[in-house]
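Counting begins at 1 with the first residue of the sequence. Treat the numbers as computed from the prediction; the structure is a model and nothing was measured.
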Amino acid sequence: MSLLAEERKKIILEELDTQGKVQVLALAEQLQVSSETIRRDLDSLVKTEKIKRVYGGAVKISYDDGEPPYQERQIINRDAKMAIGKQASLLIEDGNTIFLDTGTTILEFARFIEGKRGLTIVTNSLPTASLLKESLSQGLFRGKLIILGGEISPDQQSVSGYLCEEMLKNFHVDKAFLSVGGVSIQTGISDYDLNESVISKIATTQSKEVIVLADHSKIGVQSFSHIADLDMIDVIISDKKLPASWSAKLEQNEVTWIAT
């Protein structure tokens, strides 16, 4: 039975979520259509800015030269980031110790931290620390705010480096909230910035629970620097529904997927 173009495109995107890339010949055989039909489907998806064409197939969109500066990233998919942040805030409990990394989704999440008591928040994000300082002074929540020391990156508005790493190793937290560059069913979570990914990697080992915040553009993406495999992750919060092909692997690794 011949599939409609939109049905084929949906299958192609699901395959990209799982594999990170697709090949024209394999798709043509799988969907029982000509290679030229698959090429037209891929070209159509390119126009939606969901994929990038490569020789013989396509890959998911990613940042080839690293992510844009922090301020530029703040406006990308902001509605999705706000929804994810609001959902993530529901996982915070009175008395929690939590780590927040440097992602822009984390900044949106921090806006929803209120009404809690006895929190201890550790972060290496300058904008997040500044926002939480104001929230704390206004009495929106009660607790302590700790900003990690080290080398400052003006572009990424973050703190990283040896001093930051060693300082973080002294803390044990209940929950680490990570906003990553990519989530892959095969390779786990990753980021574009090497220094920031090292901090996130340490946070996964120092936390009882690891919660990943990732909008739809991060799903199926494998970025430059590996942070952790799926078996280190407890929860993924996304504005995208759980890809059907991911269910078995996430269940095997006891990862909970929360869609906003």
Side-chain angles (χ1 to χ4, degrees), residues 12-22 45-46 48-54 57-70 72-74 76-78 80-81 83-85 88 99-109 124-125 153 155-156 158 160 176-204 210-247 249-250 253 255-260:
I12 290 170
L13 290 174
E14 289 176 349
E15 189 76 7
L16 282 166
D17 283 340
T18 304
Q19 303 297 333
K21 60 182 179 180
V22 292
L45 288 170
V46 166
T48 67
E49 299 184 351
K50 292 182 178 180
I51 70 170
K52 181 175 71 174
R53 291 283 267 120
V54 296
V59 297
K60 286 206 71 171
I61 288 288
S62 63
Y63 298 106
D64 293 331
D65 300 318
E67 285 188 299
Y70 190 91
E72 291 182 27
R73 301 202 322 266
Q74 279 186 272
I76 300 173
N77 298 328
R78 190 176 182 195
K81 293 174 180 178
I84 293 168
F99 170 79
L100 307 183
D101 77 358
T102 61
T104 54
T105 307
I106 292 293
L107 181 63
E108 299 303 328
F109 162 50
N124 63 323
S125 167
S153 167
D155 282 345
Q156 303 304 328
S158 64
S160 60
F177 292 87
L178 307 180
S179 175
V180 299
V183 182
S184 166
I185 194 67
Q186 297 170 318
T187 59
I189 59 174
S190 55
D191 205 359
Y192 293 92
D193 188 283
L194 176 60
N195 292 328
E196 292 179 13
S197 67
V198 171
I199 300 301
S200 297
K201 183 189 291 285
I202 294 171
T204 64
V210 177
I211 301 161
V212 173
L213 282 55
D215 67 58
H216 59 275
S217 67
K218 312 296 178 61
I219 306 304
V221 170
Q222 178 180 299
S223 47
F224 172 66
S225 184
H226 180 259
I227 296 173
D229 294 331
L230 284 177
D231 60 4
M232 293 290 290
I233 308 305
D234 296 286
V235 179
I236 297 173
I237 305 177
S238 179
D239 61 317
K240 181 181 177 68
K241 292 182 179 179
L242 172 63
S245 57
W246 287 34
S247 296
K249 186 68 176 289
L250 293 189
N253 286 278
V255 180
T256 299
W257 184 285
I258 300 176
T260 59

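- The two residues E15 and V22 come nearest to each other via the heavy atoms CG-CG1, 3.5 Å.
- Between L213 atom CG and I106 atom CD1 the span is 5.0 Å, to the nearest 0.5 Å.
- P243 places a side-chain heavy atom less than 4.5 Å from the side chain of I219.
- The neighbour count for K249 NZ, taken as heavy atoms of other residues, nucleotides or ligands under 6.0 Å away, is above 12.
- The shortest non-hydrogen separation linking V180 to K218 is O-NZ, 3.2 Å.
- Side-chain contact check for S190 and S223: at least one donor-acceptor pair (N or O, by modelled atom type) lies under 3.5 Å.
- Put simply, the side chain of L230 reaches to within 4.5 Å of the side chain of L250, judged on heavy atoms.
- No side-chain heavy atom of V255 sits less than 4.5 Å from a side-chain heavy atom of V235.
- Residues satisfying the side chain to side chain donor-acceptor pair (under 3.5 Å) criterion with N195, sequence neighbours excluded, are absent altogether.
- Atoms CG and NZ, from L194 and K201 in turn, are 10.0 Å apart once rounded to the nearest 0.5 Å.
- Here the CD atom belonging to Q156 is positioned 5.5 Å from the CG atom belonging to D193, to the nearest 0.5 angstrom.
- Within the model, atoms CG of D239 and OG of S217 stand 8.0 Å from one another, a figure rounded to the nearest 0.5 Å.
- What you find for I233 and I236 is that their closest heavy atoms are CG2-CG1, 4.0 Å.
- With sequence neighbours excluded, no residue forms a side chain to side chain donor-acceptor pair (under 3.5 Å) with T260.
- Taking both residues in full, the closest heavy atoms of V210 and D234 are given as N-OD2, 2.8 Å, listed atom of the first, atom of the second, then distance.
- Every ring-ring contact (aromatic ring centres under 6.0 Å, His included) that F177 has, sequence neighbours left out, goes to F109.
- Looking only at distances, a side-chain donor or acceptor of D101 sits under 3.5 Å from a matching main-chain atom of G103.
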For this session: Go through V221 and Y192 one step at a time and tell me if the side-chain contact (heavy atoms from CB on, under 4.5 Å) criterion holds.
Result: CA-CA 11 Å; V221 170; Y192 293 92; 3.8 Å; yes
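- Among S153, S158, S160, the single residue meeting the side-chain hydrogen bond (donor to acceptor under 3.5 Å, both in side chains) criterion with E196 is S158.
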Problem set entry | D215 vs K240, side-chain contact (heavy atoms from CB on, under 4.5 Å): CA-CA, chis, key distance, verdict | CA-CA 7 Å; D215 67 58; K240 181 181 177 68; over 6 Å; no
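- Here the straight-line distance linking atom CG of D191 with atom OG1 of T102 works out to 6.5 Å at 0.5 Å rounding.
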For this session: Decide yes or no on side-chain contact (heavy atoms from CB on, under 4.5 Å) for T204 and L178, but give the supporting numbers first.
Result: CA-CA 9 Å; T204 64; L178 307 180; 3.6 Å; yes
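- In terms of heavy-atom proximity, V183 sits nearest to A214 at CG2-CB, 3.8 Å.
- Interatomic distance, NE2 of H216 versus CD1 of I84, reported as 9.0 Å (0.5 Å rounding).
- Taking every heavy atom of both residues into account, W257 and S238 meet most closely at CZ2-CB, 3.8 Å.
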